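Just below is one structure, and these are the notes that go with it.
All values below come from the heavy atoms of this structure, side chains included, with hydrogens, waters and symmetry mates left out. Worth saying up front: this structure is predicted, and the values here are computed from it rather than measured. Numbering of residues begins at 1 and proceeds along the displayed sequence.
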Amino acid sequence: MAYPSTSTAAREEWEGGTCVLTYKPLDVDAIMRSVRDDGAGATAVFVGTTRNSFKGKVVTRLEYQAYSRLAIKTMVQILKDARTAVSRSTHQPPAHNVPSLISCTVHHRLGAVPVGEPSIVIAVSSPHRKEAFVACERILEDVKEKAQIWKREYYEGVREEEAEWKGNNC
C-alpha cells in the first residue's frame with residue numbers, strides 16, 4: 001500500500017517529552033517505560049484501540065494519515081502546553097521546586113490499524129496521580145482536536161472505495 005508523501009513517520013524529542021508518528025505497531029510497555037522516573041509517584045497511560053463497531057456498523061480496520069511535518073509540531077506544542085497548564089498538586093508545597101509533570105509522550109499510529117490494536121498511546125509521569133490523569137486526558141483531547149491526523153473507517157460489507165474519511169476528533 002502506498003502512502004501519501006506527507007504522511008510519513010516522524011519523531012520529536014526534547015527534555016520532558018517525546019512525540020512520535022509511526023507506521024509500526026505501538027509497544028505500550030516500552031512507551032510507558034519511556035516516561036518512568038524515580039521522582040514519579042504516578043504514571044497515567046491512555047491506550048486508544050481500534051474497536052470493532054461504530055454506530056451499528058462492523059469496523060474491519062482504521063487507516064490513519066497525517067500531514068506529518070505539521071502534526072508533529074502540533075503534538076509537541078500540545079505536550080508543552082500541558083506541562084505549563086497542569087497545576088501543581090496541593091500535596092506539593094510551593095517551596096519545593098518539583099514540576100507538576102515529569103515526562104509526557106504521545107505515539108500515534110499511521111497507516112492501517114486492525115481491530116484490537118492501539119492507534120494512540122499517551123503516557124504521563126508526575127509526582128502525583130491527579131496531575132498525571134489531568135494531563136493525559138488534556139493531551140488526548142487536544143491531539144484529537146488539533147493534530148493534523150485523519151482516519152478512514154472500513155466497514156464490513158462496504159466497498160473499500162466507500163470507506164469514510166473522518167477528522168481525528170470523531
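Considering Leu62, Thr60, Thr50 as possible partners of Val115, the one that fulfils the side-chain contact (heavy atoms from CB on, under 4.5 Å) test is Thr50.
Using modelled atom types, one finds no donor on one side chain facing an acceptor on the other under 3.5 Å when comparing Tyr23 with Thr8.
No side-chain heavy atom of Ser125 sits under 4.5 Å from any side-chain heavy atom of Arg36. Contact check for Ile149 versus His108: side-chain heavy atoms found under the 4.5 Å cut-off. Annotation: side chain of Ile78 is in contact with side chain of Ile139 (closest heavy-atom distance under 4.5 Å). Proximity of Val121 to Val45: side-chain heavy atoms (C-beta onward) are separated by under 4.5 Å at one or more points. Looking at Val58 and Ser53, their side chains never come closer than 4.5 Å, going by heavy atoms from C-beta outward. Side-chain contact between Val124 and Val35 is absent, with no heavy-atom pair separated by less than 4.5 Å. Within the 4.5 Å cutoff, the side chain of Arg33 has heavy atoms near those of the Asp29 side chain. Looking at heavy atoms from C-beta onward, Val28 lies in side-chain contact with Pro118 at the 4.5 angstrom threshold.
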Could you give me the CA-CA distance, side-chain angles and deciding distance for Asp37 and Ile102, then say whether side-chain contact (heavy atoms from CB on, under 4.5 Å) is met?
CA-CA 8 Å; Asp37 186 277; Ile102 296 170; 3.7 Å; yes
Check step by step if side-chain contact (heavy atoms from CB on, under 4.5 Å) holds for Lys151 and Glu153.
CA-CA 7 Å; Lys151 70 179 174 183; Glu153 290 187 341; 4.0 Å; yes
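Hydrophobic cluster membership differs between Phe133 and Ile31, with clusters built from Ile, Leu, Val, Met, Phe, Trp and Tyr side chains linked at under 4.5 angstrom. Grouping the Ile, Leu, Val, Met, Phe, Trp and Tyr side chains by contacts below 4.5 angstrom, directly or via other members, places Val20 apart from Leu70. Linking Ile, Leu, Val, Met, Phe, Trp and Tyr whenever their side-chain heavy atoms come within less than 4.5 Å puts Val76 and Ile122 in one cluster. Phe46 and Met32 fall into different hydrophobic clusters, where Ile, Leu, Val, Met, Phe, Trp and Tyr side chains are chained together by heavy-atom contacts under 4.5 Å.
The two residues Ala71 and Ala66 have their closest heavy-atom pair at CB-CB, 4.4 Å. Pairing each heavy atom of Gly116 with each of Thr49, the nearest pair is O-CG2, 4.0 Å. Here the closest non-hydrogen pair linking Ala82 and Leu101 is O-CD1, 3.6 Å. Scanning all heavy atoms of the two residues, the minimum distance from Glu161 to Arg152 falls at O-NH2, 3.5 Å. Here the closest non-hydrogen pair linking Phe54 and Tyr155 is CD2-OH, 3.8 Å. Between Thr74 and Gln148, the shortest heavy-atom distance links the atoms OG1-OE1, 2.9 Å.
Contact check on Arg138 versus Glu131 returns no salt bridge, with no Lys/Arg side-chain nitrogen under 4.0 Å from an Asp/Glu carboxylate oxygen.
Atom NE2 of His128 sits about 10.0 Å away from atom OG of Ser100, to the nearest 0.5 Å. One distance of note links CE of Met75 with CG of Asp142; it measures 12.0 Å at 0.5 Å rounding. Taken from CG in Leu79 to CD in Glu12, the straight-line distance is 10.5 Å, to the nearest 0.5 Å. If you take CD on Gln65 and CG on Leu110, they are separated by 8.5 Å, rounding to the nearest 0.5 Å. For the atom pair CD1 (Ile120) and OH (Tyr64), the distance works out to 8.0 Å, reported to the nearest 0.5 Å. One finds the CD atom of Glu162 at 12.0 Å from the OH atom of Tyr154 (value rounded to the nearest 0.5 Å).
Under a 3.5 Å cut-off, the side chain of Thr105 and the backbone N or O of Ala123 do not form any donor-acceptor pair.
Among residue pairs with one or both ends in residues 13-22, those qualifying as side-chain hydrogen bond (donor to acceptor under 3.5 Å, both in side chains) are Arg11-Glu13; sequence neighbours excluded.
Shown here is Glu117, whose CD atom has more than 12 heavy atoms of other residues, nucleotides or ligands within 6.0 Å.
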